[in-house]
Amino acid sequence: RLFNAWAKMESKSGNLSEARKILRRGMELYPKDYTLLQAAGSIEERLGNIRSARKLYGASLAIEPSAPTLIAYALLELRSPIDIRTKASNVTMVRKLFEEALLIDPKHGPAYNAFGNLERRQGNTAYARQIYENGIKANCTDAPSVYHGLAKLHLSLGEVEEARDVLRRGLALFPTRENNTLVPRNENVAFLAHTLAMIDLNVNNNAKHAKEVLQQGLWHCRNSPQLLLGMALCESRLGNDNGARDMFEKSLMADQAHAQAWQAFGVMEMRAGNFRSAKLLFECGLKNSPTHGALWQAYGTLESWKGNVGTARILFAAGIEKCPHHVPLYQAWACLELQDGDVITAKRLIGEALTRDKRNGSGWLVAAQIEEKMDNHGLVGLILRRGIECAPGDAELYIALANHEISRGKIDSARELLEKGMEINPLHAPLYHSLAELEARVFNIEGLAKLNKRAAEIFQSDANAPPTDEALQAMRRQMKHGRSTKMPDGITALAEKIGVESDEPTTIAGVSMDDVDLDSLVNNVLCGFGGESA
């Protein structure tokens, strides 16, 4: 136990080589301890030594089969199949490993979660649901993982309310001390709290309730970077930028490699007009996570906002070179070229984006804008209809196609498209705005009344009501703190900790512009998907 605990502490700190040495020392003293072999296998897997990991898991199982080792072996097969030639996982073997794990320990929550996830990915949703429900009935020792798995299944099926109900039931098992002094802390509650809060924040637009849920999760896991980031997003949504900054800083102090926190923090400062702060945050994020595509995209967008088209182009090109599978980078670069008047390069970039992911609705929107810019009006409608076929859940595609139909005088067709969009995504407010404008254009008073009633039922508010005092105060705070010329002390401290200079105008993502052939970088990326660069 001592060797296991010591190695776990080192691995949590990122010292995998030291953890390996500790476990090897323990295995020399206790060669028949199957838990040491399993822990050593986990370290080897994280180091990328798949063959060694598989061998250690097998040796552990030969001494004594245990649920954690069986699960680890099964997950290794899913991630790195034995059959190198076909690269296909032996799903039958994996199922047997999960079944054996549950026979050995019927209350092992991670086994139900991993087994259910497998069946969900295989498309066996009914069986996956049964596995999760069996885990809940078994009153597992790690219940949060089972509830979280079932909630993810509901979300994958578009059943948001069912997912919310499952997450609430799971959280109810772990109240905070204020409600019950006998309940111990459970770090895995963070997963339940984070997912439920993100549903409240992004689906229901209820930042206040999301914040309450996150506070419950933070009671169980005080330094969770994900929960602290969620708190920052809630504070930002509520208009409390100073509170958001505090939460962002805490999240990054807990994990300075948390790329999403660097990106979200930078985007908040960028939207507030604090471009120097945003630049520094993106620099810090890229120094820690150079393969995080969203950081490159946000940084490039910042430079385009500042009018530095050449710098933005370089950032997008460098980002694609580092993260070739991050499709939004291609879209952002295409939009930049479209705004700069280079429709040929924009068309090539968006073509590559749609080749990589045709289900991304925003890509079809950009493609339609490019054809409109080239006066190919006949293609615009065809592209948008193809976009709806490939990404039927993207509400903005319905709005764009409806606007195209209105421009051609097809009012009924536009109305049908907007109503179809509202059926698919009833919480997307711009659909209601677009339909209201359409009905007002044709003086359809009865249609406007019905639409207003429908919107009031869904959004539970009067669209014509003035903003509340709380909303006005939030707007005033945002205007007051926006476009600050002074670098906040917290951001400067974070940058110093990372080792990024706050006043280095010739640096992009930690690399001096003088050290890179920038034209070659852009050309090489463009030539990577065919043709001469424009």
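Side-chain atoms are counted along with the backbone in the values below, which use heavy atoms only and exclude waters and symmetry mates.
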Could you tell me if [Y] and [X] have a donor-acceptor pair between their side chains, going purely by distance under 3.5 Å?
{"X": "Y330", "Y": "R356", "value": "yes"}
{"X": "Q260", "Y": "H292", "value": "no"}
{"X": "E159", "Y": "H154", "value": "yes"}
{"X": "T345", "Y": "D342", "value": "yes"}
{"X": "S362", "Y": "Q331", "value": "yes"}

Quick check against the 3.5 Å criterion: does [X] have a side-chain atom that pairs as donor or acceptor with the backbone of [Y]?
{"X": "N288", "Y": "C284", "answer": "yes"}
{"X": "T301", "Y": "Q297", "answer": "yes"}
{"X": "W364", "Y": "K358", "answer": "yes"}
{"X": "K373", "Y": "L338", "answer": "no"}
{"X": "H220", "Y": "F174", "answer": "yes"}
{"X": "D357", "Y": "R359", "answer": "yes"}
{"X": "W262", "Y": "E283", "answer": "no"}
{"X": "S224", "Y": "C221", "answer": "no"}
{"X": "N240", "Y": "G243", "answer": "yes"}

Where do [X] and [Y] come nearest, in terms of heavy atoms and distance?
{"X": "L228", "Y": "A254", "value": "CD1-CB, 4.4 Å"}
{"X": "A264", "Y": "L229", "value": "CB-CD1, 4.1 Å"}
{"X": "A278", "Y": "G266", "value": "CB-O, 3.4 Å"}
{"X": "G109", "Y": "S145", "value": "C-OG, 3.4 Å"}
{"X": "S434", "Y": "I399", "value": "OG-CG2, 3.5 Å"}
{"X": "A39", "Y": "N4", "value": "CB-OD1, 3.2 Å"}

Parallel, tilted or perpendicular: rings of F282 and Y299 (30°, 60°): tilted
Less than 4.5 Å apart, any side-chain heavy atom of [X] and any of [Y]?
{"X": "L47", "Y": "I43", "answer": "yes"}
{"X": "S251", "Y": "H258", "answer": "yes"}
{"X": "R120", "Y": "R129", "answer": "no"}
{"X": "H326", "Y": "P328", "answer": "yes"}
{"X": "E419", "Y": "Y398", "answer": "no"}
{"X": "I131", "Y": "L118", "answer": "no"}

Working for side-chain contact (heavy atoms from CB on, under 4.5 Å), residues V309 and Q339: CA-CA 10 Å; V309 175; Q339 291 169 4; over 6 Å; no
Give the table of side-chain donor-acceptor pairs shorter than 3.5 Å for residues 195-203, with sequence neighbours excluded, one pair per line with atom names and distance.
residue	atom	partner	partner atom	Å
T195	OG1	H148	NE2	2.7
T195	OG1	F191	O	3.0
D200	OD2	H209	ND1	2.6
N202	ND2	M198	O	3.3

Under 4.0 Å between a side-chain nitrogen and a carboxylate oxygen: does that hold for [X] and [Y]?
{"X": "K279", "Y": "E269", "answer": "no"}
{"X": "E235", "Y": "K211", "answer": "yes"}
{"X": "R313", "Y": "E337", "answer": "yes"}

Rounded at 0.5 Å granularity, tell me how far [atom1] in [X] sits from [atom2] in [Y].
{"X": "Y147", "Y": "N113", "atom1": "OH", "atom2": "CG", "value": "13.5 Å"}
{"X": "I136", "Y": "L150", "atom1": "CD1", "atom2": "CG", "value": "5.0 Å"}
{"X": "M422", "Y": "Y432", "atom1": "CE", "atom2": "OH", "value": "6.0 Å"}
{"X": "K287", "Y": "Q256", "atom1": "NZ", "atom2": "CD", "value": "9.5 Å"}
{"X": "I388", "Y": "L417", "atom1": "CD1", "atom2": "CG", "value": "5.5 Å"}
{"X": "L171", "Y": "L192", "atom1": "CG", "atom2": "CG", "value": "5.0 Å"}

Name of the residue among L281, N274, D241, L233 meeting side chain to side chain contact (heavy atoms under 4.5 Å, CB included) with M268: D241
Derivation and outcome, side-chain contact (heavy atoms from CB on, under 4.5 Å), residues I71 and H108: CA-CA 10 Å; I71 295 166; H108 199 277; 3.4 Å; yes
For Y132, ring pair (Phe, Tyr, Trp, His ring centres under 6.0 Å) partners two or more places apart: none
side-chain contact (heavy atoms from CB on, under 4.5 Å) evaluation trace for E439 with K450: CA-CA 11 Å; E439 300 297 7; K450 288 181 180 178; over 6 Å; no
Contact list for residues 295-312, test salt bridge (Lys or Arg N to Asp or Glu O under 4.0 Å), sequence neighbours left out: E303-K306
side-chain contact (heavy atoms from CB on, under 4.5 Å) between I424 and K420, worked out: CA-CA 6 Å; I424 291 172; K420 178 67 174 177; 4.0 Å; yes
